[in-house]
Amino acid sequence: MMTSNELTAIARGEANTSFAFSTRSTVDAKWVRQIKMSSPNPNVKKANLSATKKERIELPNNYDYDGNCGSKAKAYHISEFLSHPSGIQAMLNTSALQSFQFLDTNTYRCVLPKVQFLNFEAAPVMDLRVTPTDKDCTVQLLSCKFEGSDIVESQNDRFSAFMINHMTWNTNDSESFLEVEVKLKLCLEIYTRPFSLLPISAVERPGNLMMQALVDRLVPLLLRQLLQDYDKWVQQKFEEFA
């Protein structure tokens with residue numbers, strides 16, 4: 001699983017792992033955020049940051065009951081794993097979370113470890129929807145906010161986020177792979193000096209470079225960890241039928 005430091009980087013807005021905005025009536029309204037922020041001051045500058053990453057990793061062949069690869073094996077397809085509670089928890093990296101709560105069909109609330117900055121403490125909270133099918137799996141961000149002091153929570157009105165992680169796979173005999181495409185977008189209000197005095201490009205250019213560098217680093221880590229969890233799950237299945 002990802003370390004708490006990596007998750008802290010995500011929580012600070014220095015990185016994020018994949019998902020998308022959607023509104024649904026079953027989610028408490030205070031948790032649902034629109035990607036377009038409504039600011040009382042139309043003159044407030046807004047920086048739009050984005051990062052994308054597509055990564056492919058080879059999948060193991062079908063396993064036999066001894067844990068080795070073989071064409072006569074009982075197959076546990078990657079789609080079965082991603083539809084199983086163990087696979088969902090692996091995708092959401094629940095072992096590294098402060099808390100994990102089921103909200104609704106395929107919808108989960110994930111609270112990351114608290115982040116300390118100067119004299120402030122904040123707990124990043126994300127509502128995520130996982131939609132697995134036999135052809136792909138999509139993890140979407142429904143909402144993202146910080147919980148803490150009044151000052152910390154007031155910052156929730158000054159940013160919005162869009163994130164989606166779309167996974168597909170190919171399990172032909174000649175080629176087996178898992179492919180993930182991550183898209184991340186942030187919209188931030190620029191309201192503090194000296195940044196408010198600078199052109200928006202002076203914020204967006206380094207911000208985009210930082211976000212892209214972190215996404216480039218985190219996505220391969222997540223994929224490798226997911227395959228390790230998949231392998232562990234398959235081995236457990238073998239033991240059940242032993």
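Since the model is a prediction, treat every value here as computed from it, not as a measurement. By convention here, the first residue in the shown sequence is residue 1.
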Return the minimal non-hydrogen interatomic distance between [X] and [Y], and the atom names on each side.
| X | Y | result |
| --- | --- | --- |
| L128 | L92 | CD1-CD2, 3.5 Å |
| V130 | P132 | O-CD, 3.4 Å |
| N93 | L97 | O-CG, 3.7 Å |
| E153 | E147 | OE2-CA, 3.7 Å |

Can you find a pair of side-chain heavy atoms, one from [X] and one from [Y], that are under 4.5 Å apart?
| X | Y | answer |
| --- | --- | --- |
| L178 | L226 | yes |
| L222 | Q225 | no |
| M211 | L186 | yes |
| T168 | K135 | no |
| V44 | I190 | no |
| Q98 | K114 | yes |
| V111 | F100 | no |

Do V215 and T52 pass the side-chain contact (heavy atoms from CB on, under 4.5 Å) test, and can you show the C-alpha distance, the side-chain angles, and the key distance before you say yes or no? CA-CA 7 Å; V215 169; T52 62; over 6 Å; no

Nearest-0.5 Å distance, [atom1] of residue [X] to [atom2] of residue [Y]:
| X | Y | atom1 | atom2 | value |
| --- | --- | --- | --- | --- |
| L142 | R109 | CG | CZ | 10.0 Å |
| D231 | L59 | CG | CG | 11.5 Å |
| Q228 | K232 | CD | NZ | 10.5 Å |
| Q140 | H166 | CD | NE2 | 10.0 Å |
| N170 | I78 | CG | CD1 | 13.0 Å |
| L188 | S160 | CG | OG | 8.0 Å |

Short question: side chain of [X], backbone of [Y] - any donor-acceptor pair under 3.5 Å?
| X | Y | result |
| --- | --- | --- |
| E80 | H77 | yes |
| N156 | F146 | yes |
| E204 | N48 | yes |
| S83 | S79 | yes |

Show your reasoning for whether side-chain contact (heavy atoms from CB on, under 4.5 Å) applies to S176 and W169. CA-CA 7 Å; S176 296; W169 47 80; over 6 Å; no

Joint hydrophobic cluster, F102 plus L82, side-chain heavy atoms closer than 4.5 Å: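 Yes, it is one cluster - the side chains of F102 and L82 are joined through contacts under 4.5 Å.
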
Check the hydrophobic clustering (I, L, V, M, F, W, Y; side-chain heavy atoms under 4.5 Å; chains of links allowed) and say if Y76 and I57 are grouped together.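 Yes, same cluster.
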
Which of these passes side chain to side chain contact (heavy atoms under 4.5 Å, CB included) with E181: M167, R56, K54?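 Running side chain to side chain contact (heavy atoms under 4.5 Å, CB included) over M167, R56, K54 with E181 returns exactly one hit, K54.
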
Aromatic Y108 / basic R129 pairing, under 6.0 angstrom, 45° off normal: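 Relative to the ring axis of Y108, which defines the angle, R129 lies outside at least one limit.
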
Do N208 and Q212 have a side chain donor and acceptor closer than 3.5 Å?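 Q212 and N208 do not have a side-chain donor-acceptor pair below 3.5 Å.
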
Assess whether side-chain contact (heavy atoms from CB on, under 4.5 Å) is satisfied between S196 and K45, documenting all intermediate values. CA-CA 7 Å; S196 59; K45 294 181 178 179; 5.5 Å; no

Is K46 salt-bridged to E189, cutoff N-O under 4.0 Å?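 Salt bridge absent between K46 and E189.
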
Indicate yes or no: does K53 engage E55 in a salt bridge with an N to O separation below 4.0 Å.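 Yes, charged N to carboxylate O under 4.0 Å.
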
What class does the angle between the rings of Y230 and F81 fall in, given that below 30° is parallel, 30 to 60° is tilted and above 60° is perpendicular?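 Tilted: the ring planes of Y230 and F81 meet at 30° to 60°.
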
Between R158 and Y191, is a side-chain contact (heavy atoms from CB on, under 4.5 Å) present by the stated rule, with each step listed? CA-CA 9 Å; R158 298 187 180 275; Y191 64 97; 3.0 Å; yes

